[in-house]
Amino acid sequence: MNATDPFSPEGIRQRLSAEQISPAQADRLAEAIAGALRRTCKEWFPGTDYDDWRQMLPEPLLDVVIQLLTWDEDGRIVADHLPAAAVACIFLDLQHSAIPVG
């Protein structure tokens, strides 16, 4: 994996360095996000080459994922339920709607 790849664990760590979390938290979170990406590819796009799939992801997606994270009552970093659900619903709606542009 190339360190310039924003979706590699190293690329995710680099992006997380701008957040107010410790380096150890950034390491764990980068591995968790990278694992979620691998699982998403495997479960939702079976038979798809992970590296090819990851290359087609727009880099701002990583910013969206990071912005949807929050702390839970036990001090763990989790996806904030309502904003994450809203984003998922908006994308599903847009995926199934033809949008006139003219």
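- The distance from atom CD of Q55 to atom OH of Y50, rounded to the nearest 0.5 Å, is 10.0 Å.
- Hydrophobic clustering, with ILVMFWY side chains joined whenever heavy atoms are under 4.5 angstrom apart, keeps L82 apart from V87.
- Under the 4.5 Å side-chain heavy-atom criterion for Ile, Leu, Val, Met, Phe, Trp and Tyr, L69 and L37 are members of the same hydrophobic cluster.
- Note: S97 OG to L92 CG = 10.0 Å, rounded to the nearest 0.5 Å.
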Can you give the donor-acceptor pairs under 3.5 Å from side chains of residues 71-79 to other protein atoms, not counting sequence neighbours?
{"residue": "D72", "atom": "OD1", "partner": "D74", "partner atom": "N", "Å": "2.9"}
{"residue": "D72", "atom": "OD1", "partner": "G75", "partner atom": "N", "Å": "3.0"}
{"residue": "D72", "atom": "OD1", "partner": "R76", "partner atom": "N", "Å": "2.8"}
{"residue": "D72", "atom": "OD2", "partner": "R76", "partner atom": "NE", "Å": "2.8"}
{"residue": "D72", "atom": "OD2", "partner": "R76", "partner atom": "NH2", "Å": "2.7"}
{"residue": "D74", "atom": "OD2", "partner": "R76", "partner atom": "NH2", "Å": "3.3"}

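- With values rounded to the nearest 0.5 angstrom, I21 atom CD1 is found 5.0 Å from L29 atom CG.
- Between the D80 side chain and the P83 main chain, no donor and acceptor come within less than 3.5 Å of each other.
- Rounding to the nearest 0.5 Å gives a distance of 6.5 Å between CZ of R38 and CD of E31.
- Listed by first then second residue, pairs satisfying ring pair (Phe, Tyr, Trp, His ring centres under 6.0 Å) with a partner in residues 27-49 read F45-W53, not counting sequence neighbours.
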Inset, instruction - Applying salt bridge (Lys or Arg N to Asp or Glu O under 4.0 Å), run through R13 and E10 and close with a yes or a no. - result: CA-CA 5 Å; R13 273 186 212 92; E10 182 57 35; 3.5 Å; yes

Mind listing the side-chain donor-acceptor pairs of residues 59-68 below 3.5 Å, one per line with the distance, residues two or more places apart or on another chain?
{"residue": "D63", "atom": "OD1", "partner": "R15", "partner atom": "NE", "Å": "2.4"}
{"residue": "D63", "atom": "OD1", "partner": "R15", "partner atom": "NH2", "Å": "3.3"}

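- From D27, atom CG reaches atom OG of S22 across 8.0 Å, with rounding to the nearest 0.5 Å.
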